[in-house]
Peer 1: 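Quick one: this structure, given as structure tokens, is what I'll be asking you about.
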Amino acid sequence: MTRPNTAADSDQLTFQNPVTRYSTVEPPIQHQPEPGLDAELEPKADHGESSYRGTGRLNGRKALITGGDSGIGAAVAIAFAREGADVALNYLPDEHADADRIREIIEREGRTAVLLPGDLTDKALCASVVSDAVDALGGLDILVNNAGKQVVAPSLEELPDEQLTDTYAVNILAMFRITKAALAHLTPGSTIINTTSIEAYQPAPNLLDYASAKAAINNFTKGLAQQLATKGIRVNAVAPGPIWTPLQVSDGQEKEDLPKFDQVSPMGRAGQPTELAPAYVFFTSSESSYVIGETLHVNGGMPTP
Ligand code: NAD
Ligand code: MG
């Protein structure tokens, strides 16, 4: 069945066949320098621009989302704004065009969008991005640690030390640093959601640095969740499977593996970024008040422990 890749004809609450909600992506071989841009992704991904319907579940909330310019983070930003939240986005300065597009969509909803570019490998930036978000939004009660670096290396011998350090700096050290800085501002009812990965459970042999950092995120999430439970701050994680985002075409996969990207999950198609958004909304909203230290898998049926 052929359908457009972006499901502008239905929203996430429409009863529909999940298999045909989106067509297969069938990615052509392509390459972008790191970090990739959604603007140049072929075919385009669905971030919920016209397919995410809000229901007021996050009215008045204030969110900081790292990696909020593109992919999953952008879809979460749009969903949060449609649910009534104001949003601050962190991303790399080179990604300004993507971030600016998401800002426009959020402002069209009548919500505030704050752009806070900066490199999370910089320790000081991890603290300042939090204080800048707090100043601009007038507080903070949602933190989404979503930024991630994924670059393939065929063997351990070919994994450059600089890549290893950067992957750990972005994927896990920044998560510790940003969360630590945010704790000074988060009040009871606040929520923290960390983006982990199927790679934490099924590590690809060419993603040793990425996959092991994702496993660390799972462990961090479950430990911190217990530490903060009595403070009324809930910590949970979302574990995406194969999702069509710029991460994949900027060395997140071997170029020649891209055409097989749809076949990774049992459903037989890649996921779209907006299909992740309801998981983040659920963990963020007070409806999940007794859900702590949990990981929600959004992966088209890939088995997890
Ligand atoms: P994406 O490229 O759209 O988002 C990743 C973002 O990370 C970038 O937009 C960038 O802003 C940010 N980032 C990277 N390095 C940074 C740095 N040094 N400083 C600041 N920001 C930096 O891709 P995505 O797939 O939406 O990725 C979002 C999250 O989802 C990542 O944590 C990724 O590991 C995770 N994930 C993705 C998939 C997938 O299949 N796409 C699967 C599992 C997990
Ligand atoms: Mg990006």
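FYI, the numbering just counts along the sequence from 1.
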Peer 1: Under 3.5 Å, is there a donor on one side chain and an acceptor on the other for Ser10 and Gln16?
Peer 2: yes
Peer 1: Apply side chain to side chain donor-acceptor pair (under 3.5 Å) to residues Thr14 and Arg21 and explain how you reach the verdict.
Peer 2: CA-CA 10 Å; Thr14 306; Arg21 180 179 178 197; over 6 Å; no
Peer 1: Does either side chain, that of Ser288 or that of Asn236, offer a donor lying less than 3.5 Å from an acceptor on the other one?
Peer 2: no
Peer 1: Show your working on side-chain contact (heavy atoms from CB on, under 4.5 Å) between Tyr52 and Val281 and close with a plain yes or no.
Peer 2: CA-CA 11 Å; Tyr52 188 91; Val281 170; 3.5 Å; yes
Peer 1: Just do the side-chain contact (heavy atoms from CB on, under 4.5 Å) check on Val235 and Phe220 with the steps written out, would you?
Peer 2: CA-CA 10 Å; Val235 188; Phe220 173 67; 6.0 Å; no
Peer 1: Give a yes-or-no answer on whether the side chains of Asp46 and Ser51 include a donor-acceptor pair shorter than 3.5 Å.
Peer 2: yes
Peer 1: Given 3.5 Å as the limit, does a donor-acceptor pair link the side chain of Trp244 with the main chain of Pro27, or not?
Peer 2: no
Peer 1: Around atom CG of Asn219, are there more than 12 heavy atoms from other residues, nucleotides or ligands closer than 6.0 Å?
Peer 2: no
Peer 1: Please lay out, stage by stage, how Asn171 and Lys149 fare under the test side-chain contact (heavy atoms from CB on, under 4.5 Å).
Peer 2: CA-CA 6 Å; Asn171 294 10; Lys149 177 183 170 73; 3.8 Å; yes
Peer 1: Quick check, are the ring centers of Tyr201 and His297 under 6.0 angstrom apart?
Peer 2: yes
Peer 1: Does Glu158, at its CD atom, have more than 12 non-hydrogen atoms belonging to other residues, nucleotides or ligands within less than 6.0 Å?
Peer 2: yes
Peer 1: Any non-hydrogen side-chain atom of Thr195 less than 4.5 Å from a side-chain atom of Tyr280?
Peer 2: yes
Peer 1: Go through Thr66 and Tyr91 one step at a time and tell me if the side chain to side chain donor-acceptor pair (under 3.5 Å) criterion holds.
Peer 2: CA-CA 6 Å; Thr66 65; Tyr91 52 94; over 6 Å; no
Peer 1: Are any of the side-chain nitrogens in Lys260 or Asp257 under 4.0 Å away from the carboxylate oxygens of its partner?
Peer 2: yes
Peer 1: Where the side chain of Glu40 meets the backbone of Gly36, is there a donor-acceptor pair that is under 3.5 Å apart?
Peer 2: no
Peer 1: Please determine if Glu109 and Arg82 form a salt bridge, counting it only when a charged side-chain N lies under 4.0 Å from a carboxylate O.
Peer 2: yes
Peer 1: Take His96 and Asp69 through the test side chain to side chain donor-acceptor pair (under 3.5 Å) and record every step on the way to the result.
Peer 2: CA-CA 8 Å; His96 187 72; Asp69 58 301; over 6 Å; no
Peer 1: Any side-chain to backbone donor/acceptor pair from Glu275 onto Gln272? Under 3.5 Å, distance only.
Peer 2: yes
Peer 1: If you measure from the Lys or Arg side-chain nitrogens to the Asp or Glu carboxylate oxygens, is any gap between Arg61 and Asp141 under 4.0 Å?
Peer 2: yes
Peer 1: Keeping Glu83 on the side-chain end and Thr55 on the backbone end, is there a donor-acceptor pair under 3.5 Å?
Peer 2: yes
Peer 1: Leu224 and side-chain contact (heavy atoms from CB on, under 4.5 Å): which single residue from Ile233, Asn194, Thr179 fits?
Peer 2: Thr179
Peer 1: Looking at CD1 of Ile78 and CZ of Arg108, how far apart are the two atoms once the value is rounded to the nearest 0.5 Å?
Peer 2: 9.0 Å
Peer 1: Hey, are the side chains of Asp209 and Leu159 touching, using non-hydrogen atoms and a 4.5 Å cut-off?
Peer 2: yes
Peer 1: Given the rule in the side chain to side chain donor-acceptor pair (under 3.5 Å) test, do Gln248 and Gln253 qualify, once you have shown the distances and angles that lead to the verdict?
Peer 2: CA-CA 6 Å; Gln248 304 295 350; Gln253 301 283 330; 2.9 Å; yes
Peer 1: Whether Arg111 and Glu107 form a salt bridge (side-chain N of Lys/Arg under 4.0 Å from carboxylate O of Asp/Glu) is what I want to check.
Peer 2: no
Peer 1: State plainly whether the residues Arg101 and Glu49 are in salt-bridge range, i.e. N to O under 4.0 Å.
Peer 2: yes
Peer 1: May I ask you to decide if Gly252's main-chain N or O and Gln150's side chain share a donor-acceptor pair within less than 3.5 Å?
Peer 2: yes
Peer 1: I'd like to check Phe80 versus Val144 (side-chain heavy atoms, cut-off strictly below 4.5 Å). Are they in contact?
Peer 2: yes
